Every structure is written in structure tokens, then in C-alpha cells.
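None of these values were measured; they are calculated from a predicted model. Numbers here simply count residues along the sequence, with the first being 1.
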Amino acid sequence: MHEASIAYELLNIAVNECSKNGYSKIDTIKVVVGRATGVMTDALLFAFNVLKEDTVAKNATLIIEELPVRGVCKECGKEFESNENYIIFECPHCGSFSVDLISGKELNIIEMEVSQ
């Protein structure tokens, strides 16, 4: 379960940014998680809620936006998208295994709401 270590690092980044900019409370943290990361969002949320106690984020809400896996086929040039929780190695249009991922590996904090 690597979600606990991911939640720990997300909290560290958020708390450090909050402190660095002179704020004392984190209200929300919004993250984007690509489905190709293998992160289980329920486990990430659970770990975040456990780890946030005794921090400036103790009352914070973690908002998780999941991004689908998107790719482009090197053979037929068509783009495709999937909401499956695994990396697709085969083009759904021509069956080629030569594909490039466009998105789905993101794991970023995109927004925080903080206060004094």
C-alpha cells in the first residue's frame, strides 16, 4: 500500500507551502490522480485522513480528481481513452501494441485553500 507514503508526501508539500506563505490552516487540497498511476483513491483518502491529524491540515478535505488514461497509437495515429485502472498497451482501433500515453500518469496538487 504505497498510498500512505503518497498521502504523507502530499501532506508534507501542502503543509510546507502553507507555512512558507504565512498561512496557518489548510481547508482543502485538490489533487489530480491519473488512472495509470495505480493509486487506489479510496486508500489515498483513508491514509490522508489518518495522517492529517496533528497538522495544520487536520480539518482539511482532500478532493481527488481522477484522470482517464489517454493514448495515441503510433501505427494508426488515433487517440483513445479508457477509464480502466491499468495501462492499456493495445490500440482499441487497430490492435497495435505501439502506443504512447498522453495522460494518466499525473499525480499533482493543483489547488489548495488556506486561511489564517
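- The side-chain heavy atoms of M112 and K30, taken from C-beta on, include no pair separated by under 4.5 Å.
- Residues L44 and Y8 are members of one and the same hydrophobic cluster, defined by side-chain heavy-atom contacts under 4.5 angstrom among Ile, Leu, Val, Met, Phe, Trp and Tyr.
- The cluster map of Ile, Leu, Val, Met, Phe, Trp and Tyr, joined by side-chain heavy atoms under 4.5 Å apart, puts F46 and M40 in different clusters.
- For the atom pair CG of N12 and OG of S5, the computed distance is 11.5 Å after rounding to the nearest 0.5 Å.
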Practice item. Could you please spell out the steps behind the side chain to side chain contact (heavy atoms under 4.5 Å, CB included) verdict for V33 and E65? Key: CA-CA 6 Å; V33 178; E65 179 183 341; over 6 Å; no

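- From R35, atom CZ reaches atom CD of E81 across 10.0 Å, with rounding to the nearest 0.5 Å.
- Residue E53 comes nearest to N49 through the heavy atom pair OE2-O, 3.9 Å, listed as atom of the first residue, atom of the second, then distance.
- With rounding to the nearest 0.5 angstrom, the CG atom of L10 is 5.0 Å from the CD1 atom of I109.
- Of the inter-residue distances, the one linking F48 atom CZ with T55 atom OG1 reads 7.0 Å to the nearest 0.5 angstrom.
- Annotation: the span from R70 atom CZ to S103 atom OG amounts to 5.0 Å, rounded to 0.5 Å.
- Residues Q116 and Y23 are in side-chain contact: their nearest non-hydrogen atoms beyond the backbone lie under 4.5 Å apart.
- At a threshold of 4.5 Å between non-hydrogen side-chain atoms, the residues T61 and D27 do not count as touching.
- With sequence neighbours excluded, no residue forms a side-chain contact (heavy atoms from CB on, under 4.5 Å) with N16.
- Partners of E113 under the salt bridge (Lys or Arg N to Asp or Glu O under 4.0 Å) rule, at least two apart in sequence or in another chain, do not exist in this structure.
- For E9, the salt bridge (Lys or Arg N to Asp or Glu O under 4.0 Å) criterion is met by no residue, not counting sequence neighbours.
- Side chain of H93 to backbone of E79: a donor-acceptor contact under 3.5 angstrom is found.
- With a 4.5 Å cut-off on side-chain heavy atoms, N108 and V31 do not count as touching.
- Summarising the geometry of K74 relative to D100, their closest heavy-atom pair is CE-OD1, 2.9 Å, with the distance given to 0.1 Å.
- Side-chain contact between C91 and C76 is present, with at least one heavy-atom pair separated by less than 4.5 Å.
- The hydrophobic cluster containing L67 also includes V32, I110, under a criterion of side-chain heavy atoms closer than 4.5 Å among ILVMFWY residues, counted directly or through chains of members.
- Using a 4.5 Å heavy-atom threshold, the side chains of I6 and L107 count as touching.
- With hydrophobic clusters built from ILVMFWY side chains whose heavy atoms lie under 4.5 angstrom apart, I63 does not share a cluster with L51.
- For E111, there are no salt bridge (Lys or Arg N to Asp or Glu O under 4.0 Å) partners at least two apart in sequence or on another chain.
- For the residue pair G38 and H2, the shortest heavy atom distance occurs at O-CE1, 3.8 Å.
- For A57 against L11, the heavy-atom pair with the smallest separation is CB-CD2, 3.7 Å.
- Contact between S98 and S96 at its shortest, heavy atoms only, is N-OG, 3.0 Å.
- For the pair V72 and F80, the minimum side-chain heavy-atom distance is 4.5 Å or more.
- In this structure, I26 and V15 have side chains that are in contact, with non-hydrogen atoms separated by less than 4.5 Å.
- A distance-only check finds no donor-acceptor pair linking the side chain of K52 to the backbone of N59 [under 3.5 Å].
- Scored by the salt bridge (Lys or Arg N to Asp or Glu O under 4.0 Å) test, K78 finds no partners at all (sequence neighbours excluded).
- Residues V56 and C18 come closest through the heavy atom pair CG2-SG, 4.4 Å.
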